[in-house]
Amino acid sequence: MQESKLVTDVVFLRARADHDRREGIIRAVLLLFSIVSVFTTLGIIAVLLQETILFFQEVSIVEFFTDTVWTPLFASKKFGVLPLVNGTLLVAAGAMLIALPLGLLAAIYLSEYASDRARKILKPMLEILAGVPTVVYGYFALTFITPLLQKIWSETQAFNALSASIVMGFMILPLVASLSEDAMSAVPQSLRQAAYALGATRLEVTLRTVLPAALSGISAAFILAVSRAIGETMIVAIAAGQQPKLTLNPLQSIETMTAYIVQVSLGDTPQQSIAYKTIFAVGMLLFTMTLTMNLISNWLTRRYREVYE
Amino acid sequence: MLEQHEIALSVKNLNVYYGGFHALDNISLEIPARQITAIIGPSGCGKSTFLRCFNRMNDLVPTARVEGTALFYGQNIYDPKINPVEVRRHIGMVFQKPNPFPKSIYENVAYGARINGYKGDMDELVERSLRAAALWDEVKDNLKKSALALSGGQQQRLCIARAIAVEPQVILMDEPASALDPIATLKIEELMQELKKFYTIVIVTHNMQQAARVSDYTAMMMLSKEGSRAGTVIEFGPTSQIFTKPKDKRTEDYVTGRFG
Amino acid sequence: MNGLFANENGRFAPRLSLRLRFGRVFQFLSLAAVTLGLIMLSVLLIDIILDGYKWLRPEFFTEFPSRFPEKSGLRSALQGSLWMISLTALMAFPVGVGAAIYLEEYASDNWFTRLIEINIANLAGVPSIIYGLLGLGLFVRGLELGRSVLAGSMTMALLVLPIIIVSGREAIRAVPQSVRHASLALGATQWQTIQNHVLPYAMPGILTGTILAMSRAIGETAPLITIGALTYIRFDLKGPLDLFTVLPIQIFNWVSLPKAEFQQLAAAGIIVLLAVLLSLNALAIVLRNKLQIRW
């Protein structure tokens, strides 16, 4: 009797030990999966850093940031990244001129004016714009927008910054609209009621109460939009050209950082060549710029949530 | 019974619907000027909805429909020529939970005056309003500080100051002390006694002791009939009468605690 | 309108009609912004359909790309996209869902968890071309997988991982705590609870998120160009280590060719790509509406 109880106890304990071990293994595997994302970040930094260091052993960092000519693929090589940065910022600025005001206005319409039914129809329709693959926008910029621009300004080049800016602006519009609307919808209804009760019109409630209260959330949306524009690749690779130059004229052909990486990738570049290393150096710069903006944006969003929760 | 007072607000045959839901059933009532009128009754009988008829806040609910008339010193505020925005400037409101804007104390008070094109000295108006709300001494050195840093009771007095700053004739209060502690509640009640010298006050309250303490007149609301969800005013009169010798059996049951 | 109220005291100049007029102008402007976005979308779709519909013949789906537009088709691109999306899902789904489970069910609220969360949030904002550079350095060169569909899929799996994790966490979080407590109270282990109770309830949401992640992967071009996916492939894709191309890269290739017919082929390819994406999104919506349990 005594003995058999001991046996069942042992069996039970062994089963529990098995359970515990199994639970432990599962937990460890799941932890490993969630660490994959951390290794992705580390991998990006390691790969970019490794080639960038090799690059700067051959090219001076001062030349990279101050020279105004970028010709790493030519016989006489110059490594001034400024023309690429210029092209990137020119296109991004143009896109922001469309995406920020239109996106914010759309957010205001959806959050403050539209009925529930209208919002449920309009918002997903607008978000289709963000789901269209970028290669499609590139095609549209090159074959539809550019000919249109050439009819207006005959000096418009076949590849130009403006057409890329325009379609990129519309591509990013839903991002701005959606995130700004989230921020505005999170403003408590009681604040709107307070303003209405003081004799404010709907416009005044929107502009003087809701927008200021949602400001950090909206700023986060704007910064994320800029970051998206800077990192966008296919539209500029197809429509904006491959001519790195320092210009503010959006009707001219330019080259962005991303388009340059595509240009080199399309050619068959040997691994040891300096051209191969340039794309990692340019990539490193791009990664640093977008990461900084994303960090600021996330920080603003978190701060915003803390105010109202 | 109201002869000795001027009438500030007067509603006749007021009905409110939310879509197909009948919320207020045929209310007629006269509210005396520069007195405190309390609206009491069990929860869900439409006290808040009724209060919000006076400054047309119900217009903000897309499905709401108001029938009947509501006269403000003889002017029908539901006249199609009248915009609700204009009504709200003359009939201010203080809400259940303090809802200051996330701005400075000064900007909170100045907000309504700015949008309504106040022509006088803004600093003077802010000080006058804060004094009238018995808050000036506590905040005069910190006008630039965020209103969110104030205590709940201070925030609610700030909301009263904010309402006063647009110089309304009427102040509607929707359970203004229900989110506050007893001391802060007492301060608000004292303040109301000061304010009634200049303003007509209508207050919704759950708290019958509060109604008995502060109000001059009391309106008793109930669901209009058995099985109906629509509320109506079943009895109205001087507070002392409602609490000591009510005419309606239901009022008596409610104020003596036998109901609700 | 002013002065309707006899007791207007003169210290205010509300100018209400002017303010209301501003309001109407602004409302019009904000509606115009939404409309402009939708007009742009319509113009884009109409333009592409008009450009490309003529080329949507049976041969377009069965032929390899060619120097001659009339003999060109999407055969290798369709094969590549199918291989790539299958391999990507095979890798990203278990890892993404596993990470989501860990973060929602196991992780305690400490600095390490927050690090992972911030990291995922930021990864979602890394430009896709940077993933391409990662894939080039790590998979193509480092693991010596070459420009294979496997290397491309691994790159793409890392790219969509944050999307799957974030949507997976939302779906898991939506399962009420009472379901877990009921299971744990019966003596089930934590994993048994997750496996038998939490995951079945969360699965529609997880699948919806995964489908949306896959539609992102199908449309991505830049990272695959960077790892060197070829644009001109005239043979069938037989295994994970073969060279490959995908739909958007084939489209990009045709866009880059000067001849007008190739531009039209690009438009036809875009119609196919958009049709695939539309069906995937429709599937996601159906899943969300039909299977999701409302609490």
Side-chain angles (χ1 to χ4, degrees), chain A residues 19 23 26-27 29-31 33-34 36-38 40-41 43-44 47-48 51 102 105-106 108-110 113 122 125-126 128-129 131 133-136 138-140 142-144 170 173 201-204 224 227 231 233-234 238 258 261-262 265-266 271 279-280 283 286-287 290-291 294-295 298, chain C residues 19-20 22-23 26-27 29-31 33-34 36-38 40-41 44 47-48 51 95 98-99 101-103 106 116 118-123 125-130 133-134 137-138 141 158 161-162 165 189-191 219 221-222 225-226 228 248 251-252 255 263 266-267 270 273-274 277 281:
Chain A
H19 256 142
E23 289 284 313
I26 287 168
R27 192 192 159 100
V29 170
L30 295 178
L31 174 63
F33 284 169
S34 55
V36 168
S37 69
V38 178
T40 308
T41 306
I44 289 173
V47 167
L48 292 179
E51 299 291 338
L102 288 185
L105 277 172
I108 289 173
Y109 184 79
L110 293 173
Y113 287 103
L122 288 176
M125 279 175 73
L126 211 52
I128 297 177
L129 271 173
T134 54
V135 69
V136 178
Y139 172 88
F140 187 62
L142 183 70
T143 65
F144 188 88
F170 279 96
L173 187 161
T201 64
R202 191 186 282 258
L203 174 65
E204 287 153 358
L224 205 61
S227 157
T233 306
M234 293 318 293
I238 293 172
T258 50
I261 298 175
V262 167
S265 304
L266 287 173
Q271 192 180 352
I279 63 174
F280 288 91
L286 177 67
F287 178 68
T290 53
L291 182 69
N294 295 342
L295 285 170
N298 284 338
Chain C
R19 286 155 61 202
L20 291 171
F22 272 136
F26 194 79
Q27 177 171 13
L29 282 178
S30 65
L31 176 59
V34 176
L36 204 58
L38 297 181
M40 197 62 157
L41 179 64
L44 180 142
D47 175 59
I48 283 165
D51 284 356
V95 176
I101 294 172
Y102 180 81
L103 290 172
Y106 289 95
I116 295 179
I118 292 175
N119 180 58
I120 289 170
N122 282 305
L123 274 182
V126 170
S128 60
I129 196 161
I130 299 290
L133 292 175
L134 171 68
L138 196 60
R141 314 268 183 190
L158 292 184
L161 206 51
I165 295 177
T189 64
Q190 191 166 10
W191 174 247
T221 323
I225 291 180
T226 312
I251 293 164
F252 174 62
V255 173
Q263 307 268 314
I270 288 172
L273 178 61
L274 291 181
L277 292 179
N281 278 280

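By convention in this document, chain letters (A, B, ...) are assigned in the order of the sequence lines, proteins followed by strands, and residues within each chain are numbered from 1.
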- Query: Can you list the steps and then say if Ile26(A) with Gln190(C) is a side-chain contact (heavy atoms from CB on, under 4.5 Å)?
  - Reply: CA-CA 10 Å; Ile26(A) 287 168; Gln190(C) 191 166 10; over 6 Å; no
- Task: Would you check, one step at a time, whether the test side-chain contact (heavy atoms from CB on, under 4.5 Å) holds for Thr221(C) with Val262(A)?
- Result: CA-CA 10 Å; Thr221(C) 323; Val262(A) 167; over 6 Å; no
- Task: Go through the steps for Val34(C) and Tyr113(A) under the test side-chain contact (heavy atoms from CB on, under 4.5 Å), then give the verdict.
- Result: CA-CA 12 Å; Val34(C) 176; Tyr113(A) 287 103; over 6 Å; no
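Taking chain A as the reference chain and counting heavy-atom pairs below 4.5 Å, the highest number among Ile48(C), Thr226(C), Leu158(C) is found for Thr226(C). Ranked by non-hydrogen atom pairs under 4.5 Å with chain C, the options Met125(A), Arg202(A), Arg27(A) are led by Arg27(A). For chain A, the option among Leu31(C), Leu29(C), Val126(C) with the highest count of heavy-atom pairs below 4.5 Å is Leu31(C).
At distances below 3.5 Å, at least one donor-acceptor pair connects side-chain atoms of Asn119(C) with backbone N or O atoms of Ser37(A).
The parts of Leu44(C) that come within reach of chain A are both its backbone and its side chain, each placing non-hydrogen atoms under 4.5 angstrom from that chain. Within the 4.5 angstrom heavy-atom criterion, atoms from both the backbone and the side chain of Asn122(C) approach chain A. Only the side chain of Leu161(C) comes within contact range of chain A, with heavy atoms under 4.5 Å apart.
Of the listed residues (Val255(C), Ile251(C), Leu277(C), Ile270(C)), just one forms a side-chain contact (heavy atoms from CB on, under 4.5 Å) with Val136(A), and that residue is Ile270(C).
In this structure, Leu173(A) and Gly37(C) approach most closely via the heavy-atom pair CD1-CA, 4.5 Å.
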